[in-house]
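I have placed the structure first, in the form of structure tokens, so that the comments after it can refer back to it.
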Amino acid sequence: MKPLAIKRLLDENLKDDPFITSYDRDNEAYRVADKETKKGITVSLNPLADKFKKDEKKALDEVLHYIREGVNAMSTSIGVKGKENQIFPVIRSTSFPEESSEGVKLLSSEHTAESRVYYAFDLGKTYVLLNEDHLAQEQLTQKEVEEAALFNLRSLKAPMKSDTVAGNTFYFVNTNDGYDASRILNEALLKEMDKKAKGQLTVSIPHQDVLVFGDIQNERGYDVLAQMAFSFYAKGTSPITALPFMYENGELEPIFILAQRKPKE
């Protein structure tokens, strides 16, 4: 389904909600805001095309839920102080806005050339990205937010499913709690997987709801990895990067994979 068709479908289903909607045709972005507060969220429609094609009703229900919860969260006053255990890091692509729709700078920190870390206050069914106004209102520092986020992240379990393809094993974290990709920031988890790997450990964060570890043991594994990462990236509602990373000596290095060949360092 094309983005414009998805836009029309969303318009029809949101016509009775107290929202203001707009559509950026150039960027295929759908903006939904509360009529009173004018605060809201922007949804990129192009990545949703495959989901709507596969199962329109399920995709529509998911997006409508995301929109309604998100706009409600943006319009609700939050109190962070004393609730630091609800702060978590979220990974976004470097093309993600660094300011809120109201022009307030979002809290973020460097990660890789393809990704940045933002900080979210968890509200249960959704979360709000923290900005500099929240820091001022709550008398918190960014360092305190970052430390709380990483501490809370380490408390999240990372259940995995695995699959072996052409002698290479891939492990998938997909809990749909909103922080699957964020688990790449859990250094203890990366070290554990590195010890477990028989070959080269790779890590992929194609979109926010999946983290993929690869135990690459032969040349074919890199081709499978590239295809898998791109497939996930194309289907994610919050895509991050189609580039996988090699994990070596505690560092993440992007892998540029060309047909049938392992990348040269």
Side-chain angles (χ1 to χ4, degrees), residues 1 6 10 13 30 32 41-74 76 78 83 85-93 96 111 114-130 149-163 169-186 188-190 192-193 202-214 225 228-242 244-245:
M1 182 178 286
I6 298 175
L10 292 174
N13 281 271
Y30 188 72
V32 185
I41 61 174
T42 300
V43 182
S44 179
L45 299 187
N46 191 48
L48 300 177
D50 284 345
K51 280 194 171 186
F52 272 81
K53 184 178 180 180
K54 183 178 179 180
D55 190 333
E56 182 178 306
K57 185 181 184 305
K58 181 180 179 182
L60 179 62
D61 288 344
E62 288 180 357
V63 176
L64 289 173
H65 175 77
Y66 170 77
I67 288 174
R68 286 170 175 142
E69 291 291 338
V71 174
N72 181 59
M74 291 297 295
T76 302
I78 63 172
K83 300 178 183 177
N85 64 331
Q86 292 173 233
I87 300 174
F88 291 90
V90 291
I91 308 289
R92 292 290 184 268
S93 71
F96 190 80
H111 184 229
E114 291 76 34
S115 55
R116 288 183 65 79
V117 181
Y118 291 79
Y119 298 91
F121 185 72
D122 193 283
L123 297 172
K125 294 182 180 180
T126 186
Y127 52 66
V128 173
L129 293 182
L130 296 174
L150 291 177
F151 178 82
N152 296 331
L153 178 73
R154 289 192 289 271
S155 70
L156 298 179
K157 295 181 179 180
M160 299 182 193
K161 293 182 180 180
S162 64
D163 190 17
T169 304
F170 298 91
Y171 301 89
F172 306 88
V173 179
N174 178 218
T175 66
N176 285 310
D177 63 359
Y179 309 109
D180 289 315
S182 301
R183 287 165 170 81
I184 195 174
L185 301 172
N186 186 341
L189 176 61
L190 267 61
E192 177 186 333
M193 295 304 295
T202 64
V203 192
S204 304
I205 45 172
H207 62 76
Q208 77 162 15
D209 294 316
V210 69
L211 173 65
V212 184
F213 291 103
L225 174 64
M228 184 182 298
F230 184 80
S231 176
F232 276 117
Y233 175 78
K235 297 176 181 177
T237 53
S238 295
I240 301 173
T241 176
F245 301 91

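Along the sequence shown, the residues carry numbers beginning at 1. Heavy-atom basis, side chains included; hydrogens, waters and symmetry copies ignored. Treat the numbers as computed from the prediction; the structure is a model and nothing was measured.
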Residue from [options] passing side-chain contact (heavy atoms from CB on, under 4.5 Å) with [X]:
{"X": "Y233", "options": "S93, S204, P206", "answer": "P206"}
{"X": "D180", "options": "V212, V173, I205", "answer": "V173"}
{"X": "L153", "options": "L189, L185, I87", "answer": "L185"}

Salt bridge or not for R183 and D177, using N-O below 4.0 Å?
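Yes, this pair counts.
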Please confirm whether Y127 and F88 have ring centers closer than 6.0 angstrom.
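Centroid distance Y127-F88: not below 6.0 Å, so no.
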Are the side chains of [Y] and [X] in contact, using a 4.5 Å heavy-atom criterion?
{"X": "E62", "Y": "K51", "answer": "yes"}
{"X": "V203", "Y": "M193", "answer": "no"}
{"X": "K54", "Y": "D50", "answer": "no"}
{"X": "V90", "Y": "F96", "answer": "no"}
{"X": "L45", "Y": "L10", "answer": "yes"}

Rounded distance [0.5 Å steps], [atom1] in [X] versus [atom2] in [Y]:
{"X": "Y118", "Y": "S182", "atom1": "OH", "atom2": "OG", "value": "13.0 Å"}
{"X": "L60", "Y": "N13", "atom1": "CG", "atom2": "CG", "value": "4.5 Å"}
{"X": "F213", "Y": "T169", "atom1": "CZ", "atom2": "OG1", "value": "14.0 Å"}
{"X": "D209", "Y": "T175", "atom1": "CG", "atom2": "OG1", "value": "8.0 Å"}
{"X": "H207", "Y": "N174", "atom1": "NE2", "atom2": "CG", "value": "7.0 Å"}
{"X": "K235", "Y": "K53", "atom1": "NZ", "atom2": "NZ", "value": "10.5 Å"}

Quick check: closest heavy atoms across [X] and [Y], and the distance to 0.1 Å?
{"X": "P89", "Y": "V117", "answer": "CB-CG1, 3.8 Å"}
{"X": "F170", "Y": "G214", "answer": "CD2-CA, 3.8 Å"}
{"X": "M1", "Y": "A49", "answer": "O-CB, 3.2 Å"}
{"X": "A181", "Y": "I240", "answer": "CB-CD1, 3.8 Å"}

Contacts of type ring pair (Phe, Tyr, Trp, His ring centres under 6.0 Å), residue Y66, not counting sequence neighbours
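Testing Y66 for ring pair (Phe, Tyr, Trp, His ring centres under 6.0 Å), a comparison that skips the adjacent residues, returns none.
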Heavy atoms of other groups near F230 CZ, more than 12 under 6.0 Å
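For F230, atom CZ is not crowded (no more than 12 foreign heavy atoms under 6.0 Å).
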Under the side-chain contact (heavy atoms from CB on, under 4.5 Å) criterion, do D122 and N152 qualify, and how do the steps go?
CA-CA 11 Å; D122 193 283; N152 296 331; over 6 Å; no
